[in-house]
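See structure below.
Throughout, protein chains are lettered first and strands after them, A, B, ... in sequence-line order, and every chain is numbered starting at 1.
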2 protein chains.
Amino acid sequence: MKLDERHLVQLAAVVQAGGVTEGAAMLGLTQPALSRTLSMLEKRLGEPLFLKGRRPLQPTPLGRALADHGQAMLVASRKASTLVERFRQGRTGVVRVGGTPFFMDALISGMIAEFQNGSPDVRIDQSYGYLPDLREALNADRIDLAICPIDILDEGSGMHFKEILPGRNVVACRATHPLLLKRKLDARELLDYPWIAPPPGSPLLADLRSLALSLGATEIKIRYAGGSLTSAVNYMKASDALTVLPHSVVFAFRNEKAITALPVNIPHPERALGLLRRTDDLRAPAVEAFSAHVGRSFENLRHLIKRHEQAIVWGM
Amino acid sequence: MKLDERHLVQLAAVVQAGGVTEGAAMLGLTQPALSRTLSMLEKRLGEPLFLKGRRPLQPTPLGRALADHGQAMLVASRKASTLVERFRQGRTGVVRVGGTPFFMDALISGMIAEFQNGSPDVRIDQSYGYLPDLREALNADRIDLAICPIDILDEGSGMHFKEILPGRNVVACRATHPLLLKRKLDARELLDYPWIAPPPGSPLLADLRSLALSLGATEIKIRYAGGSLTSAVNYMKASDALTVLPHSVVFAFRNEKAITALPVNIPHPERALGLLRRTDDLRAPAVEAFSAHVGRSFENLRHLIKRHEQAIVWGM
DNA sequence: AATTAATATAACAATCTGCTATGAAATTGG
DNA sequence: CCAATTTCATAGCAGATTGTTATATTAATT
């Protein structure tokens, strides 16, 4: 005997509400609609679901038992409804985000935490990679969103890119670095210190090379390579080593007062940090919401940086 | 967003089966029917439920989550179906049975246990009463079935009566009663011993009075009254007291060898034990099954009694 | 590139759903 | 005990939904 799920739900509503009229109200139906469903059910089952001629409507044992199952369905139905609702608002779901390690570690991880304060039911799956990997991952639908620096010319090819922070690199060092004491800093003095190489594949590695080139050096003293951001920072804290980092990454460490940027201008790349997504992706709302959050966070960050720099200037 | 329960069930089937075609088979539908349901769901939700252009069909996170709820409904639906099935076969449900205390305690309770060995999901609610109460309870739908002795003339009035055992009373005593030793027993000797009165309201009480009358006694020595069957039997075991009991009740105690019937014939009442039900009751299958079981059990009992008596005769 | 298997679409008949209007029955209050 | 009121049942109808078969697309396989 196959039973229509809807019928059981309606039965449950009637039993729970204690009457056809109230049950109908609970479901947003009219009373005759429900009444008919009950009649049909009873006719098909060949068994009464309610004691006839008694008014507070009283279910038979069978009626009550079936209503229990209907209740389970009703509950599942409600859960499904709220699930959809929340999903639509981007308040539930999964966002698979990939990005370059330094940005992810220094900035995005914190933004994820903030985002989840407001949307605790959105899970974030983070992965690391550089542009080619991320592009590939997007195309293979292994991630929904990539956060990475991209050469500004590099567009098209089924991807949508949204710039969230202009590219700007600095030379980072520990806050107690000897070069910071100099009145006027000659860029060529940088070559006297050991360097930390950014991870292979990182655009920063290319930036470091072009920096060296612009300083007229054929070679720089790479002392340490392959470490994550935390490793690089820790290494810097304990040495006079220098490295090239995005300004925003150094800025993110400002409160620790352990590392800082040297006051030298270095060529800034024709590159900007941004959000990369497939254009044909039917963006899930949670992805949309997270992207918007990241966008807003970086906007705040830009303002923070601007105010911070003005303060520095005033302070000088 | 209200979702059609049926749609979620279908979604669950597709996700569980891993494909539209197999999901359709699982539900006993055709593939296009399911396919359309999925399209409609996606259109209404505005969200994809499956990754497009991938085969084996793979659900999106939302699709999977909704399918989980659908699965819950599917489970509830199946349970409801088997519930109905079993209910129809009388293998589940509630039977409210009322009866006279002695028969219930001596015979019916055991039959209930036997019945439930085959139908463990049928609950039996037992209550006690004599004919007027039972009639009333049947009419008020407090019980489904009454088991009690009824005067054979007494019929009609919206009730259906099925005789299951002819009325036959005996005088019961303990197995070691002195009267059992007599070669020839004069009925008037019964008056020399103390008696246990059946409970007030019991037809046995009337039978006891008419017995006394037939023995020419104006009065009999009532020593004990008001006890249940167990009490009466225990009292008998420890004394020379006599009482009037239905033969079948005494027979039910035959294995204990503690009480027995005196070999005297006493007037048997124009009364029979039977099943009483309302004629207009849309007999639930469980009630039907239980009634049938009780009927069969008493039939067995009749044969048992017959064989037992023949054995006794041969043994004499 | 051809074949195969699976999914999507189309068209149509039957059913079902919901509604409004109205009748019947049971409870409530005098 | 009867009238008023509330609640449930029934009827009729328009529109939505369901299922079917036949056929077109699409992805995987060889």
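Among the protein residues, A:Gln10 comes within range of the sugar-phosphate backbone only, with heavy atoms under 4.0 Å from sugar or phosphate atoms but none that close to a base. Among the protein residues, B:Arg6 comes within range of the sugar-phosphate backbone only, with heavy atoms under 4.0 Å from sugar or phosphate atoms but none that close to a base. Within 4.0 Å of B:Ser35, counting heavy atoms only, lies at least one base atom of the nucleic acid. No engagement by B:Leu38 is indicated, since no non-hydrogen atom pair under 4.0 Å with the nucleic acid exists. At the heavy-atom level, B:Ser39 lies under 4.0 Å from the strands shown only through sugar-phosphate atoms.
Between the CG atom of A:Leu34 and the P atom of D:dT7 there is a distance of 15 Å, rounded to whole Å.
Checking the phosphate oxygens (OP1, OP2) of C:dT7, a side-chain nitrogen or oxygen of B:Thr21 falls inside 4.0 Å. A sub-4.0 Å separation between OP1 or OP2 of D:dT18 and a side-chain N or O of B:His7 is present. For D:dG19, neither phosphate oxygen OP1 nor OP2 lies less than 4.0 angstrom from any side-chain nitrogen or oxygen of B:Thr30.
Nearest-nucleotide positions on DNA chain D place A:Gly18 closer to the 5' end than the other of A:Gly18 and B:Pro32. Heavy-atom distances to DNA chain D give each of A:Gln31 and A:Arg36 a nearest nucleotide, and the one nearer the 5′ end belongs to A:Gln31.
When each of A:Ile147, A:Ile143, A:Leu138 is tested with A:Leu276 by the rule side-chain contact (heavy atoms from CB on, under 4.5 Å), just one qualifies, namely A:Leu138. The only member of A:Thr21, A:Thr37, A:Leu38 that meets side-chain contact (heavy atoms from CB on, under 4.5 Å) when paired with A:Val14 is A:Leu38.
Side-chain contact annotation: B:Ser291 with B:Arg277, donor-acceptor N/O pair under 3.5 Å present.
Nearest to the side-chain atoms of B:Leu57 among the listed nucleotides C:dT7, C:dC19, C:dC16 stands C:dT7.
The minimum heavy-atom distance linking B:Thr92 with B:Asp121 is given by the pair OG1-O, 3.4 Å.
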